[in-house]
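Working notes, beginning with the structure itself.
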Amino acid sequence: MEEKLKYISYNMKSSRVRLGYSQEKMADLLGISRATYNDYEVNPQRLKIETMQQIANILHCDIVDFFVKIKVTNSYNNEIEGE
């Protein structure tokens, strides 16, 4: 998967999980099936920009946040890249 697509996938999922939202909840809020939402997280290249903006709005973030490479520190204070 292209590097930027990995960022989108990881950032969408981590933003959703941080808010405690399930894929089912996201799908309901978007008016789509859970399988379709899962496909968006796994294959973000299939996302239309309008849908990505809807997801960002639901997750209370800016669409640009999905494209940012982030580093996460684990409990051992080792940096790991978001995948």
Salt bridge (Lys or Arg N to Asp or Glu O under 4.0 Å) contacts in which one or both residues fall within residues 48-62, not counting sequence neighbours:
none
Assigning hydrophobic clusters by single linkage (Ile, Leu, Val, Met, Phe, Trp, Tyr; side-chain heavy-atom cutoff under 4.5 Å), is Y10 placed with V17?
no
Using modelled atom types and a 3.5 Å cut-off, is there a donor and acceptor pairing between side-chain atoms of S15 and backbone atoms of N11?
yes
Mind listing the closest non-hydrogen atom pair of F67 and Y7 along with its distance?
O-CD1, 3.6 Å
If you measure from CE on M12 to CZ on F66, what distance do you get to the nearest 0.5 Å?
5.5 Å
Roughly how far, to the nearest 0.5 Å, is NE2 of H60 from CG of L19?
6.0 Å
I49 vs I63 side-chain heavy atoms within contact, under 4.5 Å
yes
Would you name the heavy atoms of P44 and I8 that are closest together and state the gap between them?
CB-CG2, 3.5 Å
Checking Q53 now: which residues fulfil side-chain hydrogen bond (donor to acceptor under 3.5 Å, both in side chains) with it, not counting sequence neighbours?
N57
Flag, side chain of T51 to backbone of L47, donor-acceptor distance under 3.5 Å:
no
Contacts table for residues 26-37: side-chain donor-acceptor under 3.5 angstrom, sequence neighbours left out:
residue: S33; atom: OG; partner: T36; partner atom: N; Å: 3.0
residue: S33; atom: OG; partner: T36; partner atom: OG1; Å: 2.9
residue: R34; atom: NH1; partner: Q23; partner atom: OE1; Å: 3.0
residue: Y37; atom: OH; partner: E41; partner atom: OE2; Å: 3.0

